[in-house]
Amino acid sequence: MSTTQSERLRELLEPLVTSHGLDLEEIAVDSVGRKRVLRVVVDSDTGADLDRIADVSRALSAKLDETNAMGEDAYDLEVGTPGAERLLTEHRHFVRATDRLVKFQLTEGGELVARILEVDDEGIGVEVPGVKGRKATTRRLGFPEIAKARVQVEFNRKDSKKDMKEEEEA
C-alpha cells in the first residue's frame, strides 16, 4: 500500500498544527512553473488569526527543514485559512458555518440557498429566504441529502441583532 506525498506530509504535520489549537483542513503540493508550492490550510472553531497562522507557519517550516520531508529541491510554503466561499465537507465545517448563507447541491437534484440555523449529528436546520415579499421558511436537511455545500459571500447582509438594537435606540 503506497501513500502519497500529501498523505505522508499530513501524518507529519497534523500533530504540529493540532498542538497550536488548529485543524489541518487541507494539504497540497502543486507545481507552479519550475517551483513547487506546499499549501497548508488551517482553521479552528474560533478562527485563525494572523499571529496563530504565523506561529504555525514557522513551526511547520522548521519541521519540514528538520525532516527533509519535501526533499532537496526548493519549494514555497503557504499557510492560510479556507477562503470565504469554502466548500463544506466535514461536520465541523457545517458547525462553523452556522448563521452563514450556503448554496446546497442536493443529492436528488436541484439547488437550495439557505442560512444554516443549527447543526446536529444527523443534519442541519436551515432558513430559506423568502422571495418577493414572502416570509422565510425553515427546513431540515439530512446530511445524506446534501451532495455539495459551499458558503456564499454576503456583501449587504444586515446583522439582525445589531440592527434590532439600533432600531430600539432610534
Could you check whether any side-chain heavy atom of Thr98 comes within less than 4.5 Å of a side-chain heavy atom of Val119, counting everything from C-beta outward? yes

Taking Arg36 for its side chain and Met70 for its backbone only, find out whether a donor-acceptor pair lies under 3.5 Å. yes

Test Leu101 against Val151 for side chain to side chain contact (heavy atoms under 4.5 Å, CB included), laying out the working first. CA-CA 6 Å; Leu101 196 64; Val151 172; over 6 Å; no

Evaluation steps, side chain to side chain contact (heavy atoms under 4.5 Å, CB included), between Thr89 and Lys148: CA-CA 8 Å; Thr89 58; Lys148 195 175 186 180; over 6 Å; no

So, for Ala97 and Leu88, which heavy atoms are closest and what is the spacing to 0.1 Å? CB-CD1, 4.0 Å

Decide yes or no for Glu25 and Val42: does some side-chain heavy atom of the first lie under 4.5 Å from some side-chain heavy atom of the second? no

Ile53 and Ala48: which non-hydrogen atoms are nearest, and at how many Å? CD1-O, 3.6 Å

Measuring from atom CG of Leu141 to atom CG of Leu106, what distance do you get when rounded to the nearest 0.5 angstrom? 6.5 Å

Under the criterion side chain to side chain contact (heavy atoms under 4.5 Å, CB included), I'd like the reasoning laid out for Val56 against Val79: C-alpha separation, chi angles, the key distance, then a yes or no. CA-CA 8 Å; Val56 79; Val79 180; 3.9 Å; yes

Nearest 0.5 Å, please: how far is CG in Leu22 from OG1 in Thr46? 8.0 Å

Where the side chain of His93 meets the backbone of Glu90, is there a donor-acceptor pair that is under 3.5 Å apart? yes

Identify whether the distance between the nearest side-chain nitrogen and carboxylate oxygen of Asp120 and Arg140 falls below 4.0 Å. yes

Same apolar cluster: Leu24 and Val37, side chain cutoff 4.5 Å: no

When rounded to the nearest 0.5 Å, the distance separating CD of Glu118 from CD of Glu127 is 11.5 Å

So Arg86 and Glu26, side chain to side chain contact (heavy atoms under 4.5 Å, CB included) or not? Walk me through it. CA-CA 12 Å; Arg86 78 172 305 161; Glu26 186 179 326; over 6 Å; no

Return the set of residues passing ring pair (Phe, Tyr, Trp, His ring centres under 6.0 Å) with Phe143 (not counting sequence neighbours), or none when no residue passes. His91, Phe94

Is there a donor-acceptor contact under 3.5 Å from the side chain of Gln152 to the main chain of Arg150? yes

Just by distance, do the side chain of Arg100 and the backbone of Val153 share a donor-acceptor pair under 3.5 Å? no

Would you check if the side chain of Glu11 reaches a backbone N or O of Arg8 as a donor-acceptor pair within less than 3.5 Å? no

With a 3.5 Å distance limit and no angle check, can you tell me whether Arg52 reaches the backbone of Asp43 through a side-chain donor-acceptor pair? no

All pairs passing ring-ring contact (aromatic ring centres under 6.0 Å, His included) where residues 104-129 contributes a residue, at least two apart: none

Do Val29 and Ile27 sit in the same hydrophobic cluster, where Ile, Leu, Val, Met, Phe, Trp and Tyr count as joined when their side-chain heavy atoms come under 4.5 Å apart? yes

Going by an N to O cut-off under 4.0 Å, is there a salt bridge joining Lys35 and Asp76? yes

Indicate the atoms forming the closest heavy-atom contact of Pro129 with Ala114, along with that distance. CD-CA, 4.2 Å

For the atom pair CD (Gln5) and CZ (Arg10), what is the distance rounded to the nearest 0.5 Å? 13.5 Å

Side-chain donor or acceptor of Arg115 paired with backbone N/O of Val126 under 3.5 Å: no

Whether the side chain of Thr18 engages the backbone of Glu14 through a donor-acceptor N/O pair (distance < 3.5 Å, no angle test) should be reported. yes

Of Leu13, Leu16, Val40, which meets side-chain contact (heavy atoms from CB on, under 4.5 Å) against Leu64? Leu13

Heavy-atom distance under 4.5 Å between the side chains of Lys103 and Glu111, does that happen here? yes

Output the distance between atom NZ (Lys135) and atom OG1 (Thr138), rounded to the nearest 0.5 Å. 12.0 Å

With a 4.5 Å cut-off on side-chain heavy-atom distances among I, L, V, M, F, W and Y, is there a chain of contacts connecting Leu87 to Val95? no

At their closest point, which heavy atom of Arg39 faces which heavy atom of Asp30, and how far apart are they? NH1-OD2, 2.6 Å

Counting distance only, does the side-chain N/O of Ser61 pair as donor-acceptor with the main-chain N or O of Ser57 below 3.5 Å? no

Taking atom CD of Glu78 and atom CG of Leu60, what is their separation to the nearest 0.5 Å? 13.0 Å

Considering all heavy atoms of both residues, which atom of Ser44 and which atom of Asp23 are nearest to each other, and what is their separation? CA-OD2, 4.3 Å

In short, Lys63 meets Leu12 closest at the heavy-atom pair CE-CD1, 3.7 Å

